[in-house]
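Below: one structure, written as structure tokens.
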Amino acid sequence: MNPMYRNIYSIIERIPFGRVATYGQIALAGIPGHARQVGYALYRTDSGCGIPWHRVVNAHGAISRRSFAGDEMVQRKRLEAEGVVFDHRGRVCLSRFQWRGFSEQTEPHRDLV
DNA sequence: CCTATGACTGGTC
DNA sequence: TGACCAGCCATAG
């Protein structure tokens, strides 16, 4: 596995249970400007690799389209199992669930719900 | 080496 | 709010 992928995966592994992060956010934390590579790196993984890939969503809070449509449901189910709520349009409420611990010292607590 | 491809993003309209 | 567009750049073939 090449260094860039490992870097991306290590960052994704820092996303805590019940929170999500966007591709661009992950890119900023490791390889600025490479949001697409984050998606590409995840594309090269499999669901059993131990990486919390399901906690990564796009900038709209939605689950991005991918080759096998069924995977989108798998991701949504995994997130819901962690307490993440989707709105009627199938998007995560980023203001509540987005992880911001990459850049901030203080870990924001999940308010209300 | 060159081209196509992508689980993306931010700005514009 | 949503659709469209143009950058983005490492991989794979």
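Source: prediction; values computed, not measured. Below, read A as the first sequence line, B as the second, and so on, with proteins coming before strands; counting in each chain starts at 1.
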Pair A:E72 + A:R66: basic N to acidic O under 4.0 Å:
no

To the nearest 0.5 Å, atom CZ of A:R78 lies from atom NE2 of A:H54 at 6.0 Å

Would you mind writing out the side-chain donor-acceptor pairs for residues 56-64 of chain A within the sub-3.5 Å range, not counting sequence neighbours?
residue, atom, partner, partner atom, Å
A:N58, OD1, A:H60, N, 2.9
A:N58, OD1, A:G61, N, 3.3
A:N58, OD1, A:A62, N, 3.1
A:N58, ND2, A:A62, O, 3.4
A:N58, ND2, A:S64, OG, 3.2

Between which nucleotides of DNA chain C, read 5' to 3', does contact with chain A run, using atoms under 4.0 Å from its heavy atoms?
C:dT1 to C:dA12

Using a 4.5 Å cut-off on heavy atoms from C-beta on, say whether the side chain of A:E13 contacts that of A:I51.
yes

Using the salt bridge (Lys or Arg N to Asp or Glu O under 4.0 Å) rule, collect all pairs that involve residues 50-64 of chain A, keeping only residues at least two apart or in two chains.
A:R55-A:E82

Under 4.0 angstrom, heavy atoms only, what part of the nucleic acid is A:Y5 near: base, sugar-phosphate, or nothing?
sugar-phosphate

With a 4.5 Å limit on heavy-atom distance, are the side chains of A:V85 and A:E80 in contact?
no

Test side chain to side chain contact (heavy atoms under 4.5 Å, CB included) applied to A:R89 - qualifying residues, sequence neighbours left out
A:D87, A:R91

So which one's nearest nucleotide on DNA chain C is more toward 5', A:M4 or A:R89?
A:R89

Cut-off 3.5 Å, no hydrogens considered: what does the side-chain donor-acceptor table look like for residues 21-43 of chain A, sequence neighbours left out?
residue, atom, partner, partner atom, Å
A:T22, OG1, A:Q25, N, 3.2
A:Q25, OE1, A:T22, N, 3.0
A:Q25, OE1, A:Q98, NE2, 3.0
A:Q25, NE2, A:W99, O, 2.3

For nucleotides 2-13 of chain B, read 5' to 3', which letter fits each nucleotide if B means a protein heavy atom sits under 4.0 Å from the base, S means only the sugar-phosphate is that close, and - means neither?
----BBBS----

